[in-house]
Enquirer: 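Please find one structure pasted underneath; my questions will follow.
Chain A is the first sequence line, chain B the second, and so forth, proteins listed ahead of strands; every chain is numbered from 1.
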There are 2 protein chains.
Amino acid sequence: MDTSPHANAKSPGRRPKVRLSDVAAAAGVSVPLASRILNRDPAARATEATRTRVLEAAAELGYVPNVAAKSLRLRRNGLIGLVVHDLSSPIHLELMRGARAEAAAHAHFLVLGDVDELLQDDTSFRTFVSGNRVDGLIVQGGHGGFDERIADIAQALPTVIVNAPSRVARDRVTSVFPDEPGGTRLLTEHLLALGHTRIGLVSGPRDSTTGMLREEGFSSALADAGLSLREEDRVHTDWSSAGGRAAMIELAARWQGSADRPTAVIAGNSLIGVGILGAAPGCGLSVPTDLSVAAVHDTWISEHLVPPLTTVSLPLYEMGALAVRQLLADSPGGTEILVDDPRPQLHPRASTAAAPAR
Amino acid sequence: MDTSPHANAKSPGRRPKVRLSDVAAAAGVSVPLASRILNRDPAARATEATRTRVLEAAAELGYVPNVAAKSLRLRRNGLIGLVVHDLSSPIHLELMRGARAEAAAHAHFLVLGDVDELLQDDTSFRTFVSGNRVDGLIVQGGHGGFDERIADIAQALPTVIVNAPSRVARDRVTSVFPDEPGGTRLLTEHLLALGHTRIGLVSGPRDSTTGMLREEGFSSALADAGLSLREEDRVHTDWSSAGGRAAMIELAARWQGSADRPTAVIAGNSLIGVGILGAAPGCGLSVPTDLSVAAVHDTWISEHLVPPLTTVSLPLYEMGALAVRQLLADSPGGTEILVDDPRPQLHPRASTAAAPAR
DNA sequence: CTGAAAGCGCTTACAG
DNA sequence: CTGAAAGCGCTTACAG
């Protein structure tokens with residue numbers, strides 16, 4: 001009778017999997033005791049000799065617990081679903097990096113999901129949410145009209161909304177978000193200090209919570225300076241460079257032939273900022289001579305643009321990490337957590353300069 | 001006795017999980033039969049009435065199989081590890097998007113890993129590789145000196161290397177990669193057609209397989225035109241915009257005061273291209289008047305740069321999708337697969353122009 | 001303190 | 001063709 005670890009080899013070319021029972025046998029103890037020792041169960045008070053025998057056997061055999069068996073037993077699997085809206089945005093990437101690193105630090109892993117798929121495709125929704133596929137969900141918020149659905153999910157699965165405070169009042173949803181108004185305020189104050197008195201805003205989609213919060217910071221900073229945003233100086237667009245480009249062209253058309261126009265513009269995010277910067281020359285506007293441009297979110301590209309883009313950085317990486325920590329702490333839902341370490345920070349660069357004399 | 005689905009509710013606020021036995025009971029059949037019907041086992045030839053009763057019960061109860069139980073039984077879990085080197089690169093993002101979408105189409109999910117962590121941290125390595133955490137691994141290749149380790153992994157777990165052909169001759173490693181030489185050749189021919197006869201190359205790190213392949217395409221296109229790369233016209237740097245910036249500064253210093261210099265430069269990837277474009281003005285070089293710049297990989301940003309960057313696009317999204325397909329097909333290892341649909345495509349933009357007259 | 005037993009929720013040979 | 005039984009690899013009350 002072959003009960004050696006090699007007896008259960010499946011594919012010929014593959015190394016055989018070592019089970020807990022193999023470790024227990026090698027150490028001459030029962031399976032439960034091996035389990036307790038390996039899991040540092042304080043109740044297991046075996047002699048030091050036994051303990052090391054088990055530990056050494058495990059190390060020698062290269063034992064790694066079977067996660068499926070553990071999951072079935074423990075009803076959790078060490079997996080966190082990270083569900084974002086647009087995988088190609090450098091902004092979500094930072095969030096993802098922070099979440100991944102934090103998860104790894106706690107021996108957890110991230111499973112990638114897509115917001116639209118999750119909300120529209122029922123199969124995807126159900127495997128994620130009811131199939132025990134993941135222990136919890138981090139969902140990118142800030143997009144309009146899907147809050148009820150999230151509340152639904154949260155009823156079945158610990159859920160954290162990142163990127164925007166949740167508008168759902170239900171118990172189980174925690175949200176984690178940066179100081180959006182504060183960040184935009186920093187940008188606005190920077191432009192005001194440079195002498196700009198009329199500042200445009202290229203905001204995100206109309207139904208975006210994030211966009212609204214940024215506009216709030218913008219408006220309140222203007223108000224503090226005795227100014228206010230004129231309706232005709234604001235454009236809504238989507239969160240992309242193509243959107244930023246279209247917005248710049250739209251604004252330039254409005255300004256056609258009028259000397260009375262904004263001398264600076266704030267981009268709702270840095271993708272939009274890139275689009276504005278790219279479109280300005282074609283509109284006959286030189287940045288920063290004719291127009292100062294500043295954007296929310298500092299990404300790897302900001303400093304390499306021509307001219308380098310003034311931005312405010314928000315703690316995206318930390319937000320991802322904190323979302324994971326919240327989920328693992330299984331904290332009571334309903335909390336709204338402002339990620340404020342580090343604080344929003346201004347990165348003044350050549351895309352902003354003193355307002356031209358009037 | 002309460003055997004209703006609600007009997008197994010755990011957390012009071014959460015919806016109870018429905019088990020297969022609940023479905024079977026509701027449909028009045030045995031658990032095995034319910035399993036067979038739900039899994040479309042052709043051997044199960046129940047009456048149509050029974051079949052629909054089971055299907056309807058499952059739908060009504062909102063049954064979703066417990067993945068942990070399935071995994072334990074079937075020895076696979078529908079998870080694929082995607083292990084990349086730098087999560088923040090827009091290039092890997094495309095790969096990731098393709099892989100995620102393809103995986104989702106086959107009811108699989110992606111678990112995020114980090115190459116450095118996988119190779120250096122033994123715990124991470126072992127949970128991924130021997131802990132049955134994932135069914136297979138997609139690892140980003142092209143970085144020097146870790147091929148033996150990958151071969152090691154592949155012995156335990158189906159593995160596909162993306163991004164570069166594997167230099168490991170072992171049986172089990174399949175690699176999937178785009179036509180790197182072909183792409184760079186397209187870029188080179190474009191510059192040659194514009195009249196450039198001396199072209200510089202800002203390549204990636206010295207030990208990068210990918211970089212070497214691109215240089216091959218570059219050199220062979222030059223050779224076809226009766227030209228060749230001069231040693232002093234090549235700079236190695238890392239795959240980043242900061243690297244590109246440093247390289248541009250280095251080249252400009254070499255060219256100082258000499259009329260005899262390259263009139264065009266090819267960037268090993270588009271991040272490097274961004275850095276070159278950003279650094280050129282500071283070096284007293286106007287693009288494309290003084291210097292044409294072209295780069296490998298077309299990303300969202302290329303067309304929004306000032307000037308828009310000429311690039312060649314490689315099928316990164318498709319490469320990700322194909323890697324997943326390879327893994328799921330459990331095809332025999334050792335194959336090298338060129339992803340050539342779509343073919344590398346030139347995107348001529350304003351960063352390249354006719355060579356200045358000599 | 002440790003071991004034997006039960007059980008997590010499935011699937012699949014094996015009988016009937 | 002269908003059901004009863006076994007078992008995937010763990011952990012944890014429960015006995016001893």
Side-chain angles (χ1 to χ4, degrees), chain A residues 3 5 7-11 16-51 53-54 58 61-78 127 130-133 135, chain B residues 3 5 7-11 16-51 53-54 58 61-78 127 130-133 135:
Chain A
T3 54
N8 71 333
K10 290 293 181 216
S11 355
K17 298 277 189 254
V18 178
R19 294 152 307 175
L20 182 55
S21 57
D22 298 319
V23 175
V29 299
S30 72
V31 169
L33 184 54
S35 167
R36 286 176 180 126
I37 290 175
L38 257 19
N39 290 318
R40 290 173 186 69
D41 182 340
R45 305 198 42 75
T47 66
E48 205 48 50
T50 311
R51 189 192 259 2
R53 233 177 30 250
V54 170
L61 295 175
Y63 171 67
V64 180
N66 179 309
V67 297
K70 280 188 99 120
S71 303
L72 182 56
R73 197 48 242 253
L74 302 175
R75 330 188 75 81
R76 52 191 164 70
N77 53 24
T127 20
S130 4
N132 275 83
R133 175 54 88 193
D135 293 341
Chain B
T3 54
N8 71 332
K10 291 291 181 217
S11 356
K17 298 278 190 252
V18 178
R19 294 152 306 176
L20 181 55
S21 57
D22 299 319
V23 175
V29 299
S30 72
V31 169
L33 184 53
S35 167
R36 287 175 180 125
I37 289 174
L38 256 20
N39 290 317
R40 291 173 187 69
D41 182 341
R45 304 199 41 74
T47 66
E48 205 49 49
T50 311
R51 189 191 260 2
R53 230 175 34 247
V54 170
L61 296 175
Y63 171 67
V64 180
N66 179 309
V67 297
K70 281 188 99 120
S71 303
L72 182 56
R73 199 47 243 252
L74 301 176
R75 331 188 74 80
R76 51 189 166 70
N77 54 23
T127 20
S130 2
N132 273 85
R133 177 51 89 193
D135 294 340

Enquirer: Report the distance from atom CZ of Arg19(B) to atom CG of Asn66(B), rounding to the nearest 0.5 Å.
Expert: 11.0 Å
Enquirer: Check the distance between dG9(C)'s P and Asn77(B)'s CG and give it to me in whole angstrom.
Expert: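 Rounding to the nearest Å, CG of Asn77(B) and P of dG9(C) are 18 Å apart.
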Enquirer: Under 4.0 Å from OP1 or OP2 of dT11(C): is there any side-chain N or O of Lys70(B) that close?
Expert: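 So the side-chain polar atoms of Lys70(B) do come within 4.0 Å of the phosphate oxygens OP1 or OP2 of dT11(C), strictly under.
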Enquirer: Taking atom CZ of Arg73(B) and atom CG of Leu72(A), what is their separation to the nearest 0.5 Å?
Expert: 12.5 Å
Enquirer: In whole angstroms, how far is the P atom of dC1(C) from the CD atom of Glu48(A)?
Expert: 14 Å
Enquirer: Report, one line per pair, each donor and acceptor closer than 3.5 Å where one atom sits in a side chain of residues 25-36 of chain A; sequence neighbours left out.
Expert:
{"unit_1": "Ser30(A)", "atom_1": "OG", "unit_2": "Leu33(A)", "atom_2": "N", "d": "3.3"}
{"unit_1": "Ser35(A)", "atom_1": "OG", "unit_2": "Asn39(A)", "atom_2": "ND2", "d": "3.4"}

Enquirer: Restricting to non-hydrogen atoms, name the atom on Leu20(B) and the atom on Tyr63(B) that form the minimum distance, rounded to 0.1 Å.
Expert: N-CE1, 3.3 Å
Enquirer: Does dG9(C) have its OP1 or OP2 closer than 4.0 Å to a side-chain nitrogen or oxygen of Tyr63(B)?
Expert: no
Enquirer: Rounded to the nearest Å, what distance is computed from the CG atom of residue Asp41(A) to the P atom of nucleotide dC10(D)?
Expert: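 Atom-to-atom, Asp41(A) to dC10(D), this comes out as 17 Å.
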Enquirer: So, does Ser35(B) get its side chain near the phosphate of dC10(C), meaning an N or O under 4.0 Å from OP1 or OP2?
Expert: no
Enquirer: Looking only at non-hydrogen atoms, find the nearest pair between Thr50(A) and Thr47(A) and report the distance.
Expert: OG1-OG1, 2.6 Å
Enquirer: Looking at every strand, decide which applies to Asn39(A) at a 4.0 Å heavy-atom threshold: base, sugar-phosphate, or nothing.
Expert: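 Asn39(A): backbone/sugar contact only, no base atoms under 4.0 Å.
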Enquirer: Could you tell me whether a side-chain N or O of Arg40(B) sits under 3.5 Å from a main-chain N or O of Leu38(B), the two making a donor and an acceptor?
Expert: yes
Enquirer: Can you list the stems that DNA chain C is part of, where a stem is at least 3 pairs in a row, each Watson-Crick or G-U, with both distances below 3.5 Å?
Expert: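 If one scans DNA chain C for consecutive Watson-Crick or G-U pairs, the stems found are C:1-3 with D:14-16, C:5-12 with D:5-12, C:14-16 with D:1-3.
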Enquirer: Residues two or more places apart in sequence or in another chain: which of them pass side chain to side chain contact (heavy atoms under 4.5 Å, CB included) with Arg76(A)?
Expert: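 Partners of Arg76(A) under the side chain to side chain contact (heavy atoms under 4.5 Å, CB included) test: Leu74(A), Asp135(A).
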Enquirer: So, Asn77(B) side chain and Asn132(B) main chain: donor-acceptor pair closer than 3.5 Å or not?
Expert: yes
Enquirer: Ile37(B) has an atom CD1; how far is it from atom P of dT11(C), in whole Å?
Expert: 13 Å
Enquirer: Rounded at 0.5 Å granularity, tell me how far CZ in Arg51(A) sits from CD in Glu48(A).
Expert: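 Interatomic distance, Arg51(A) CZ to Glu48(A) CD, rounded to 0.5 Å: 5.5 Å.
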Enquirer: Does the protein touch nucleotides 2-8 of chain C at the base, only the backbone, or not at all? Give it as B, S and - per nucleotide, heavy atoms under 4.0 Å.
Expert: SBBBBBB
